[in-house]
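Heads up: the structure comes next, in structure tokens.
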Amino acid sequence: MKSSVLTRYRVMAYVTAVMLLILCACMVAKYGFEKGEGLTLVVSQVHGVLYIIYLIFAFDLGSKAKWPFGKLLWVLLSGTIPTAAFFVERKVVREVEPLIVKGSPATAKA
């Protein structure tokens with residue numbers, strides 16, 4: 001497996017997790033203080049699009065790492081639970097790093 005697969009997943013895991021925390025703060029402002037309704041709408045839509053991208057990258061990583069369905073489902077759902085993606089991402093990185101193939105540059109023979 002290439003390291004770029006893991007890197008894409010890691011970036012999207014962090015971005016999705018941060019956006020979910022921002023969305024939670026917006027929801028508290030919207031329903032708790034009746035402020036920021038427009039901002040909440042924008043943040044929720046951005047998080048939704050980013051979560052779809054996260055799903056694609058996590059599924060790609062899971063299929064290449066040959067995860068069982070339960071593990072793949074847990075990783076996919078971790079983007080919907082505030083702060084869970086941070087912890088799941090660390091665990092996934094520890095498990096997947098040994099699977100990464102270190103490619104050496106090819107040398108041409110004359």
Side-chain angles (χ1 to χ4, degrees):
M1 174 185 344
K2 293 182 181 180
S3 65
S4 63
V5 175
L6 182 60
T7 302
R8 286 191 309 242
Y9 164 76
R10 292 185 75 187
V11 168
M12 287 311 300
Y14 279 113
V15 169
T16 303
V18 169
M19 284 303 297
L20 185 57
L21 291 176
I22 293 170
L23 178 59
C24 289
C26 288
M27 296 296 271
V28 168
K30 177 181 176 183
Y31 292 110
F33 303 105
E34 297 179 6
K35 304 272 184 190
E37 186 173 332
L39 179 62
T40 303
L41 177 66
V42 171
V43 170
S44 65
Q45 290 176 348
V46 169
H47 171 68
V49 170
L50 292 172
Y51 181 66
I52 291 170
I53 297 168
Y54 168 79
L55 288 175
I56 293 167
F57 289 160
F59 184 80
D60 183 41
L61 178 66
S63 64
K64 289 181 177 161
K66 298 183 183 353
W67 289 339
F69 180 74
K71 180 179 179 82
L72 179 61
L73 186 62
W74 171 241
V75 171
L76 294 175
L77 289 176
S78 71
T80 63
I81 304 167
T83 69
F86 294 115
F87 299 106
V88 171
E89 183 271 338
R90 290 303 321 149
K91 186 175 181 181
V92 165
V93 168
R94 276 182 272 154
E95 291 176 5
V96 172
E97 277 184 334
L99 302 176
I100 294 175
V101 176
K102 303 287 184 201
S104 59
T107 56
K109 292 184 180 181

Residues, nucleotides or ligands: over 12 heavy atoms within 6.0 Å of Tyr31 OH: no

Least distance between heavy atoms, Pro82 atom then Leu20 atom: N-CD2, 3.5 Å

Spacing of Lys2 atom NZ and Thr7 atom OG1 [to the nearest 0.5 Å]: 12.0 Å

Joint hydrophobic cluster, Val49 plus Met27, side-chain heavy atoms closer than 4.5 Å: yes

Within 6.0 angstrom of Tyr14 OH, more than 12 heavy atoms from elsewhere: yes

Pairwise distance SG(Cys26) to CD(Glu37) - rounded to 0.5 angstrom: 12.0 Å

Closest non-hydrogen atom pair, Trp67 against Val96: CZ2-CG2, 3.8 Å

Min side-chain heavy-atom separation Arg94-Glu89 under 4.5 Å: no

Non-neighbouring partners of Glu95 that pass salt bridge (charged side-chain N to carboxylate O under 4.0 Å, His left out), sequence neighbours left out: Lys71

Same apolar cluster: Val28 and Val46, side chain cutoff 4.5 Å: no

Exam field: side chain Ser78 to backbone Ala84, donor-acceptor pair closer than 3.5 Å: no

Phe87 with Val93, same ILVMFWY side-chain cluster at under 4.5 Å: no

Closest heavy-atom pair and its distance - Thr40, Gly36: OG1-O, 2.8 Å

Shortest non-hydrogen separation from Ile100 to Leu6 and the atoms involved: CD1-CD2, 3.6 Å

Min side-chain heavy-atom separation Ile22-Val18 under 4.5 Å: yes

Contact summary for Leu72 and Ala58, nearest pair of heavy atoms: CD1-O, 3.9 Å

Hydrophobic cluster membership, Ile56 vs Tyr54, 4.5 Å side-chain cutoff: yes

Heavy-atom pair of closest approach, residues Leu99 and Ala65: CD1-CB, 4.1 Å

Common cluster, Leu77/Phe69, ILVMFWY with side-chain heavy-atom separation under 4.5 Å: yes

Note, Val75 side chain near Tyr9 side chain (heavy atom, < 4.5 Å): yes

Student check: side-chain heavy atoms of Phe57 and Thr16 closer than 4.5 Å: no

Rounded distance (nearest 0.5 Å) linking atom CG of Leu39 with atom OG of Ser44: 9.5 Å

Trp74 side chain near Ile81 side chain, heavy-atom distance below 4.5 Å: yes

